[in-house]
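The structure appears below as structure tokens.
Only a predicted model underlies this, so the values are computations on that prediction, with no experimental measurement involved. The analysis underlying the following values was restricted to heavy atoms, covering all of them including side chains, and did not include hydrogens, waters or symmetry mates.
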Amino acid sequence: MSQLSTYRQANLHSHQYSQQSRPLMPPSLPPPSRPALPPLQPQNSWKFTNNFGPQKSPAEKNRSTNPTQTVHQTQARQTQSSMKPGIENSLRILTAVIDGMRHWSQFKDRVPYLFEIFATLDSAVTVGPHGAKNFLVRDRKEVMQCVFYENEQELPRLIRGQVHRCVGNYDRSREVLTCVSVRPGLPSELRNAQEAVKACDAEMRSLVKSLSEV
């Protein structure tokens, strides 16, 4: 009996020792909560657009996306429209009388042109140096010295007292019309010569006015 009690006490002590020597486990914590992620969308998602509706042109897109550029373009167009057109420097043939030819020739350095006159042959044709053919023509009371060089073409036979068409460059310093073309005037040219002179005078007055404004 004493042995049995001794065995129980021994077992009790051993049990208490085992409970004291066993390390205590920390209390279990709940797992950390993760933030909820947004639902994934497929990468290759298709976007359907209405291709049959009204679409803006590239110019309208540029105007809507860049208003500053639109303002600059509008100002540039207004500036171009306000600018006066430049003077045309192409060669002109100006129909004039002898007196008008002398007057308008002062602007030949600014505007290139040749003169066309209809005048009566008032002298015989004389031969000068370097193949020059000299003659006089008369328009009303004005007389003009003319010279023609037979380089590429010969001077046709001229009849004194007949009206001829002379085209050439007038030299103010020498008062000589260097002709590049001389021939008898056609009846249609003679009928319209006066109207052509009036139209050329009006054109030259307008041209001189534009030159003074530049």
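Contact annotation: the side chain of Asp139 never approaches that of Ile117 to less than 4.5 Å [non-hydrogen atoms, C-beta and beyond]. In this structure the side chain of Leu136 reaches within 4.5 angstrom of the side chain of Gln145, judged on heavy atoms. The side-chain heavy atoms of Val208 and Phe107, taken from C-beta on, include a pair separated by under 4.5 Å. Taking the side chain as every heavy atom from C-beta outward, Arg172 and Gln106 approach each other to under 4.5 Å. The closest side-chain heavy-atom distance from Tyr170 to Trp104 is not below 4.5 Å. Under the 4.5 Å side-chain criterion, counting only non-hydrogen atoms from C-beta, Val182 is in contact with Phe135. Side-chain contact check for Val167 versus Arg165: some heavy-atom pair is nearer than 4.5 Å. Counting only heavy atoms from C-beta outward, the side chains of Arg157 and Ile159 approach each other to under 4.5 Å.
Once rounded to the nearest 0.5 Å, the distance linking OG1 of Thr178 with CZ of Phe115 reads 12.5 Å. With rounding to the nearest 0.5 Å, the separation of CD1 in Ile93 from CG in Leu91 is 6.5 Å. Remark: Thr120 OG1 to Arg160 CZ distance equals 11.5 Å, nearest 0.5 Å. We find the CG-OG distance between Leu114 and Ser181 to be 10.5 Å, quoted to the nearest 0.5 Å. Once rounded to the nearest 0.5 Å, the distance linking CG of Leu158 with SG of Cys146 reads 10.0 Å. Put simply, CG on Leu211 and CZ on Arg110 are 4.5 Å apart, with the number rounded to the nearest 0.5 Å.
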Stepwise side-chain contact (heavy atoms from CB on, under 4.5 Å) test for Arg92 and Val111: CA-CA 8 Å; Arg92 296 172 171 86; Val111 180; 2.9 Å; yes

Test side-chain contact (heavy atoms from CB on, under 4.5 Å) applied to Cys166 and Phe148, step by step: CA-CA 10 Å; Cys166 303; Phe148 181 86; over 6 Å; no

Full working for side-chain contact (heavy atoms from CB on, under 4.5 Å) between Met204 and Leu94: CA-CA 9 Å; Met204 286 301 297; Leu94 180 63; 3.6 Å; yes

Lys108/Asn169 under side-chain contact (heavy atoms from CB on, under 4.5 Å): CA gap, chis, key distance, verdict: CA-CA 9 Å; Lys108 70 175 184 179; Asn169 184 26; 4.2 Å; yes

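Between Thr95 and Ala196, the shortest heavy-atom contact is CG2-CB, 4.0 Å. Residues Pro129 and Tyr149 share a closest heavy-atom pair of O-CE2, 4.3 Å. Across all their heavy atoms, Val125 and Leu155 have their closest contact at CG1-CD2, 4.0 Å.
Within a 6.0 Å radius of CD in Gln162, more than 12 heavy atoms belonging to other residues, nucleotides or ligands are found. When the shell of 6.0 Å around CD of Glu150 is examined, it contains more than 12 heavy atoms from other residues, nucleotides or ligands.
At distances below 3.5 Å, at least one donor-acceptor pair connects side-chain atoms of Gln153 with backbone N or O atoms of Val180. Side chain of Arg138 to backbone of Asp122: no donor-acceptor contact under 3.5 angstrom is found. Here the side chain of Ser212 pairs a donor or acceptor atom with the backbone of Lys209 at under 3.5 angstrom.
A salt bridge links Glu189 and Arg183; the closest N-O separation between the charged side-chain nitrogens and carboxylate oxygens is under 4.0 Å. Ion pair Glu175/Arg102 not flagged as a salt bridge, since none of the NZ, NE, NH1 or NH2 atoms sits closer than 4.0 Å to an Asp/Glu carboxylate oxygen.
A side chain to side chain contact (heavy atoms under 4.5 Å, CB included) with Met144 is found for exactly one of Asp99, Val176, Leu177, namely Leu177.
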